Every structure is written in C-alpha cells, then in structure tokens.
Amino acid sequence: MYAELGCLGYCQKVFDGIHEPDVVCQTAMISACAKCGDVDLARKMFDEMPERDPIAWNAMLAGYAQCGKSREALHLFHLMQIHDVKLNEVSMVSVLSACTHLGALDQGRWAHVYIERNRLKMTVTLGTALVDMYSKCGNMNKAMDFFWGMKERNVYTWTSVIGGLAMNGAGEKSLELFSLMKQAGVRPNEVTFVSVLRGCCVVGLVEEGREHFDSMRREYGIEPWLEHYGCLVDLYGRAGRLDEALDVINKMPMKPHAGAWGALLNACRMYKNTEMGELASRKLVELETKNHGAYVLLSNIYAESKNWDRVINVRQIMKAKGVKKLPGCSVIEVDREVHEFFAGDETHPRYNEIEVMLGEISRRLKLAGYVANTNPVMYDIEEEEKEDTLCKHSEKVAIAFGLISLKEGVPIRIVKNLRVCWDCHDVTKMISKVFNREIIVRDRNRFHHFKEGKCSCKGYW
DNA sequence: TTAGGGTTAG
C-alpha cells in the first residue's frame, strides 16, 4: 500500500521491522522499490535473495518494464530462460511492454510465438499487450488481425487500437473503431478520448474533433483533462486556426500547461505567426525555464523570416541559461539485437562500413536530384558543414546500418526518440525510392511509412 | 500485468 503512494521510506521501515523476511516479503519489497522508481535498489535486493521463486523473477521483470528499463527487462527475460524459470502470461505482458517501448518487432514476434508454443493463457491483458506491441512496432495490419481475433476486448484493448491507428496516420479508421467500440457497449474513458482526439488531429478533422470533445461531458459525464485541452489546441493550431487555438487556451477552466502553449507555439511556427509565437514561447518558458523546445521553435520562427539578429539573441539566451537539447537517438533491430545510434555517433563496431554506405547514399541521392534542406534551421555554419551535420542525424546513420546489415527486401524499421526533421524526412523518402526499400520510422509522436518515394504521413507533422 | 500526454539546432 505504501508503495502505491510512492512512500519507499515507509516500505523500508516496515520491511526492516521484519526479523526474517521470507521470499514473499522480499518480493513485495522488490515491487515496492520498483513502483517507487528505485529499480536499482530492487535489483540489489533481488540479487541478494537466497532463493528466488518465479514470482520474485516476475516482480523484477515487471519492475524493469514499468520503469521504462526495457533493455534490462529483456535481458532479465533471457536470464529467466537460461535459469529455466517458469514463465507465465504475466511475465509475457512485461516482456511485450518492453518490446513495445523499444520498437523491437522481432523480439515481440518471437514472444508471441513463445506464448502460442507454450499455450499460455490468452487473457485480455496479454492480448492487449500484443495488439499494442504490433501497432507501436509499426505492424498495424497484424495488430488489427489479432485484435479482431480476440474473444474479449476491454476499454484498454479498444483504446490501444484507436491510438495505434491514430499514430499510424489512419485517423478516419480510428474514428470508425471508436464507433464500433460504442456499438459493442464498451464505455470510453478519458484515455480513449485522448486517442480519439489524436485521430482527428492527424487527418485535420477539426469539427469532428470538437464534437467528440464536447460529447465527453455531455454524453459521458467526463470532465476533460489538461491533455484533452492540449489536443484541442493542437487540432485548431495544425489546421491553421490560430485564433481559435488561442481561444481554447484562454477559456480553459484550469491553468494552461506547457503542452497547450507548446502546441500553439508549434502551430505558430507552421503558419509563421511571429507575434503569437513570441507569446506562446514566453508562456512556455515561464512554466518550464529549461524547455529547449520553447527556444528552438522560437528561433526557427525567426530563422524562417530571416530575422537573424533575433535568432542569435535566442541562442545566446539558451547558452546563458544552460538550456540543453536531448540528444537525438535512433534504434534499429537486426537479428533480434537492438542497435542504438546518436547523432554523429561513430562508435559502432561497423562504423567504417556505415560511413561508406552514407557516402553511397549521398552520391546516389545527388544523382537523383537531392539538394540538402539546410536553410531554415542552422544559421551560423558553412553550407558544406551544414550538409555534413544533417548527414549524421541519428536516423540516417541507423538507416545506413540497416542497408548494410539487413537482407534486400526486408523493411528497415527505426525508432527515434525525437521527431524526424524535415531533411531526414525528405532523404528517407528518396532512399525508399532510390534503394527500393520500405522504411518505417516511429518518431516520438507517430509513424512514417516510406515506400517508393512517398510517406504515409502525407505531410502531416 | 494491458490504453495517452505538445515540441525540438548539434
């Protein structure tokens, strides 16, 4: 109970009061540590246990999965197999959740086979974890097939597919599923509406989104959260209806959060509204002093209107305040092994071959008429250097690695921690054509399926 | 044990 309240101190006190803690107590303590976010302490206790039953292993596995330590979770899963620990459907939910976060489709598929081969009980929870894994690893068709094959679906299952379709750009389809869900008599909750609103957002269905938003309170008695208001701002903003977006913020019944101002700021960048952009950026910085997005987006707004003095000014402020950007990182799975690349990262053991491939890509793309899209973002370096910097974006390095290490015809799947930049988007489109390769990129927000020179996002950003 | 959340120069 204390663990759920996040009171590790109390847990520790209770635990220390026990003279000879047995496996059950120790396992409870491991779960408690993990729930409170101290997964290292959980592991230490786990390692110090004189004997471990399958429940203890599962507690540790779930601890890693819930803390977002996905690699560690998969590593522990392999250890469990080596130690011949009996795995059940609960273990597999944690394993699948780890695969989902990593975007590790091969390992997820393998887990699916394992579940079937060992005839583990297909609970709604496990089924939902499978649907979520397939959809977030970019195989929406498989997710849908499995979804329709399920005997029972709850609000989590429906919300997962609706959100998955939205992430994959299939907004209309996600709304169709939402009506089927209601027909099936499953009552949507707050999270379901977040997914529905995102579905409207990715295809620009403004009026329909507004209607769903209004129906929350009217038909279900659900009070919208900050997140729903954020989606609404995004919905109006991306459609270019900036005044209405600002109106949503001004009329929110609670204090607008960073998400709302951030959505507006992004819309201001898209539609080049410097004045409102300055307001949004100022508000954002008030809420989160070290928010890099606030500065970067504002600087991009100035850069696009070639207001270099202000660009320099924003960057100086960033420097003075010590605002740092999260490094871009792309992940690709080859032979069930996850490879991680950072921007300009040259540490991979096969980096020499990767560099040759990057050269080859550059040569073949130039032949096909590619010109680097360097202008708006980087103001203070030479053209050639700009191109070089863009060439080293983590997703490009990961794609190059995919090209040298995956068999011809196998789609290249990348998971990125940030949004894909415009240049990488253009380049990936061209690679998909020039190298005749399907490339699927999951960025922090959604999927881009590149094929024959086109992307499934159709320019929605 | 399962569903989401606004953005981004290196």
Side-chain angles (χ1 to χ4, degrees), chain A residues 31 58-59 61-63 65-66 88-97 100 123-133 135-136 153-164 166-167 188-198 201 225-235 237-238 256-270 280-281 284 288 291-300 303 311 314-315 318 323-328 342-344 374 376-381 385-386 388-390 392-394 416-421 423 443-445 461:
Chain A
S31 294
N58 276 343
L61 185 63
Q66 283 158 19
N88 62 15
E89 63 279 1
V90 178
S91 344
M92 296 316 283
V93 171
S94 300
V95 171
L96 285 168
S97 161
T100 305
T123 57
V124 192
T125 309
L126 184 55
T128 303
L130 272 166
V131 168
D132 204 45
M133 182 279 290
S135 87
K136 294 221 183 73
R153 306 172 193 96
N154 64 15
V155 63
Y156 286 82
T157 327
W158 285 98
T159 302
S160 171
V161 273
I162 293 168
M167 260 187 105
N189 64 17
E190 287 85 347
V191 181
T192 316
F193 276 103
V194 172
S195 297
V196 168
L197 290 172
R198 289 215 59 75
C201 214
W225 293 344
L226 279 170
E227 288 85 340
H228 301 107
Y229 284 99
C231 287
L232 204 58
V233 173
D234 204 24
L235 189 63
R238 280 184 201 274
H257 63 318
W261 290 114
L264 186 68
L265 177 56
N266 186 43
C268 292
R269 179 189 55 94
M270 287 172 74
S281 166
L284 198 46
E288 296 176 353
N291 187 314
H292 13 265
Y295 299 94
V296 173
L297 284 170
L298 185 64
S299 139
N300 288 354
V311 171
V314 171
R315 302 206 176 227
M318 285 177 78
V323 179
K324 285 220 169 68
K325 189 191 158 286
L326 194 73
F342 290 87
T374 55
V377 255
M378 284 168 275
Y379 67 101
D380 56 354
I381 48 180
E385 200 186 326
K386 279 184 192 177
D388 196 49
T389 313
L390 283 170
K392 298 282 169 66
H393 274 179
S394 64
K416 204 190 167 195
N417 65 340
L418 306 174
R419 304 294 319 261
V420 177
C421 84
D423 182 66
D443 71 15
R444 72 175 301 169
N445 213 6
W461 218 251

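In the text below, chain A, chain B and the rest are named by the order of the sequence lines, each starting its count at 1. Being a predicted model, the structure only gives us computed values, none of them experimental.
Among the nucleotides B:dT2, B:dG6, B:dG4, the one closest to any side-chain atom of A:Lys136 is B:dG4. Listed nucleotides B:dT1, B:dG6, B:dA3 differ in distance to A:Leu297; the shortest reach to its side chain belongs to B:dG6. Of the candidate nucleotides B:dA3, B:dG5, B:dG6, B:dG5 has the atom lying nearest to any side-chain atom of A:Val194. Set against B:dT8, B:dG4, B:dG6, the side chain of A:Asn291 has B:dG6 as its closest nucleotide. Nearest to the side-chain atoms of A:Val93 among the listed nucleotides B:dT2, B:dA3, B:dG4 stands B:dT2. Checking B:dG5, B:dT8, B:dA3 against the side-chain heavy atoms of A:His292 singles out B:dT8 as nearest. The listed nucleotides are B:dG6, B:dA3, B:dG4; the one nearest the side chain of A:Tyr156 is B:dA3. When the nucleotides B:dG4, B:dG5, B:dT1 are ranked by their closest atom to the side chain of A:Arg198, B:dG5 comes out on top.
Side-chain atoms of A:His257 do not come within 3.5 Å of backbone N or O of A:Gly230 as any donor-acceptor pair.
Using a 4.0 Å heavy-atom distance criterion, A:Leu284 is classed as a base contact. At the heavy-atom level, A:Ser195 lies under 4.0 Å from the strands shown only through sugar-phosphate atoms. Across all strands shown, A:Met92 has no heavy atoms under 4.0 Å from either base or sugar-phosphate atoms. Residue contacts shown for A:Trp225 include a base, since a base heavy atom lies under 4.0 Å away. Here A:Ala258 lies in heavy-atom contact (under 4.0 Å) with a base.
Rounded to an integer number of Å, the gap from CD of A:Glu190 to P of B:dG4 is 15 Å. In this structure, the CZ atom of A:Phe342 is 19 Å from the P atom of B:dT8, given to the nearest Å. With rounding to whole Å, A:Asn189 atom CG is found 14 Å from B:dG5 atom C1'. If you take CG of A:Leu96 and P of B:dA3, they are 11 Å apart, rounded to a whole angstrom. One can place CG of A:Asp234 at 10 Å from P of B:dG5, the figure rounded to the nearest angstrom. Here B:dT8 presents its P atom at 10 Å from CG of A:Leu265, a figure rounded to the nearest Å. For the pair A:His228 NE2 and B:dG6 C1', the interatomic distance rounds to 15 Å; values are reported in whole Å. Distance A:Arg419 CZ to B:dG5 P: 11 Å, rounded to the nearest Å.
Under the side chain to side chain contact (heavy atoms under 4.5 Å, CB included) criterion, A:Val323 pairs with A:His292, A:Tyr295, A:Met318, A:Lys321, sequence neighbours left out. A search for side chain to side chain contact (heavy atoms under 4.5 Å, CB included) contacts involving A:Leu297 returns A:Leu265, A:Asn266, A:Arg269, not counting sequence neighbours.
Screening A:Asp132, A:Thr125, A:Thr128 for a side-chain hydrogen bond (donor to acceptor under 3.5 Å, both in side chains) involving A:Thr157 leaves a single residue, A:Thr128.
No side-chain heavy atom of A:Val95 sits less than 4.5 Å from a side-chain heavy atom of A:Met133.
OP1 and OP2 of B:dG6 both lie 4.0 Å or more from every side-chain N or O belonging to A:Arg444.
The pair A:Lys416-A:Asp443 fails the salt-bridge criterion, with no side-chain N (NZ, NE, NH1 or NH2) lying under 4.0 Å from an Asp/Glu carboxylate O.
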